[in-house]
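Input: a single structure, listed below in structure tokens.
Per chain, numbering begins at 1; letters A, B, ... match sequence-line order.
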Amino acid sequence: MRIATWNVNGLRARQDFVLHWLRERQPDVVGLQELKLTDEQFPVDVFEAEGYSALTHGQKAWNGVAILSRKPAEVLQRGLPGQEDFGARLVSARIEGLSFTTVYCPNGKSVEHEDFPKKLAWFAALAEHFEQVADAAEPTVLCGDFNICPGALDSWDEARHAGHIFHTDEERARLARLFDWGFVDVFRDRYPDTQEFSWWDYRGGAFHRGHGLRIDFLLATPSALGRVHEVFIDRDYRKKKDGLTASDHAPVVADLD
DNA sequence: ATGTCGGAATTATTCCGA
């Protein structure tokens with residue numbers, strides 16, 4: 001089973017690009033983030049024609065998440081309990097015995113902004129949700145755009161950004177609570193010393209200059225992690241394809257037995 | 001160039017968020 005996560009930065013603008021990727025990479029289950037459309041606007045028929053059912057949790061203009069699946073998927077949750085006012089950011093499903101959740105975590109904007117403490121509270125609610133309703137002994141995947149660099153290796157310039165947004169101890173402590181519960185960062189587990197990024201700013205030629213961050217993850221409980229035989233960040237799909245504009249995020253992909 | 005995108009509000013330009 002091939003699973004993936006991808007912040008597409010607007011599905012209406014990215015639809016043809018996403019189809020290109022699906023045909024090329026042939027994933028079985030995909031968590032999508034930043035759809036920027038409502039459930040009514042989601043092009044269900046387009047993905048069904050490609051062999052995928054879609055479970056969506058969208059809203060007008062901003063945020064929005066979905067799960068595409070080639071296998072039967074039963075929705076478990078739409079929205080993070082208690083945090084619905086902060087946008088449509090979570091959807092989860094049970095797919096062939098795997099609990100699969102995808103999230104678009106709040107950005108926070110800057111440590112001085114009012115969204116920053118709200119971001120921290122959102123992460124606390126996310127950890128609490130898993131502590132309350134999930135079982136770390138079960139095969140479980142939590143994937144998405146976390147908008148946090150877990151460590152110095154995950155930033156193109158930790159020294160410059162330390163203490164700033166995506167690089168604070170407070171944000172890293174909120175991620176640590178998810179790790180304490182039982183999640184493992186699949187890419188970092190397999191490649192402890194490799195610097196790779198999943199997001200590059202559109203501005204300033206950041207992609208070509210190597211100015212990126214690793215903020216998109218596949219997290220897995222040990223029983224799911226044990227099934228992983230490969231994981232990669234699909235950097236090639238951060239580039240234009242057939243004249244189509246890429247998202248500012250690359251997909252993250254893992255192959256499970 | 002605080003440099004690019006996507007989307008909304010409003011109707012070709014400006015704003016907001018990332």
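- At a threshold of 4.5 Å between non-hydrogen side-chain atoms, the residues W156(A) and W200(A) do not count as touching.
- A salt bridge links R2(A) with D255(A): the closest approach of a Lys/Arg side-chain nitrogen to an acidic carboxylate oxygen falls below 4.0 angstrom.
- Distance D248(A) CG to dG17(B) C1': 11 Å, rounded to the nearest Å.
- Cluster membership for V91(A) and V103(A), using ILVMFWY side-chain heavy atoms within less than 4.5 angstrom, is not shared.
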In the 5'-to-3' direction, what one-character label does each nucleotide of nucleotides 2-14 of chain B receive under the scheme B = base within less than 4.0 Å of a protein heavy atom, S = sugar-phosphate only, - = no such atom?
--BSBSSS-----
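- Here, dA1(B) and dG6(B) have their P atoms 25 Å apart, quoted to the whole Å.
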Report the C-alpha separation of E196(A) and T194(A) in whole Å, then their side-chain angles, then the decisive distance to 0.1 Å, and conclude whether the side chain to side chain donor-acceptor pair (under 3.5 Å) test is met.
CA-CA 6 Å; E196(A) 284 193 38; T194(A) 303; 5.6 Å; no
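- At the heavy-atom level, Y104(A) lies under 4.0 Å from the strands shown only through sugar-phosphate atoms.
- Contact check on E158(A) versus R172(A) returns a salt bridge, with a Lys/Arg side-chain nitrogen under 4.0 Å from an Asp/Glu carboxylate oxygen.
- With both ends at atom C1', the span from dT10(B) to dC15(B) equals 11 Å, rounded to whole Å.
- Summarising the geometry, the separation between NZ on K109(A) and C1' on dC16(B) is reported as 9 Å, rounded to the nearest angstrom.
- Of the C1' atoms belonging to dA12(B) and dG7(B), the separation is 15 Å, rounded to the nearest Å.
- The separation of dG3(B) from dA9(B), taken at their C1' atoms, amounts to 25 Å, rounded to a whole angstrom.
- If you measure from atom CG of N63(A) to atom C1' of dC16(B), you get 13 Å, rounded to the nearest angstrom.
- The NE2 atom of H249(A) sits 17 Å away from the P atom of dG17(B) (whole-angstrom rounding).
- A side-chain hydrogen bond (donor to acceptor under 3.5 Å, both in side chains) with Q33(A) is found for one member of N63(A), N7(A), T5(A) and no other, namely T5(A).
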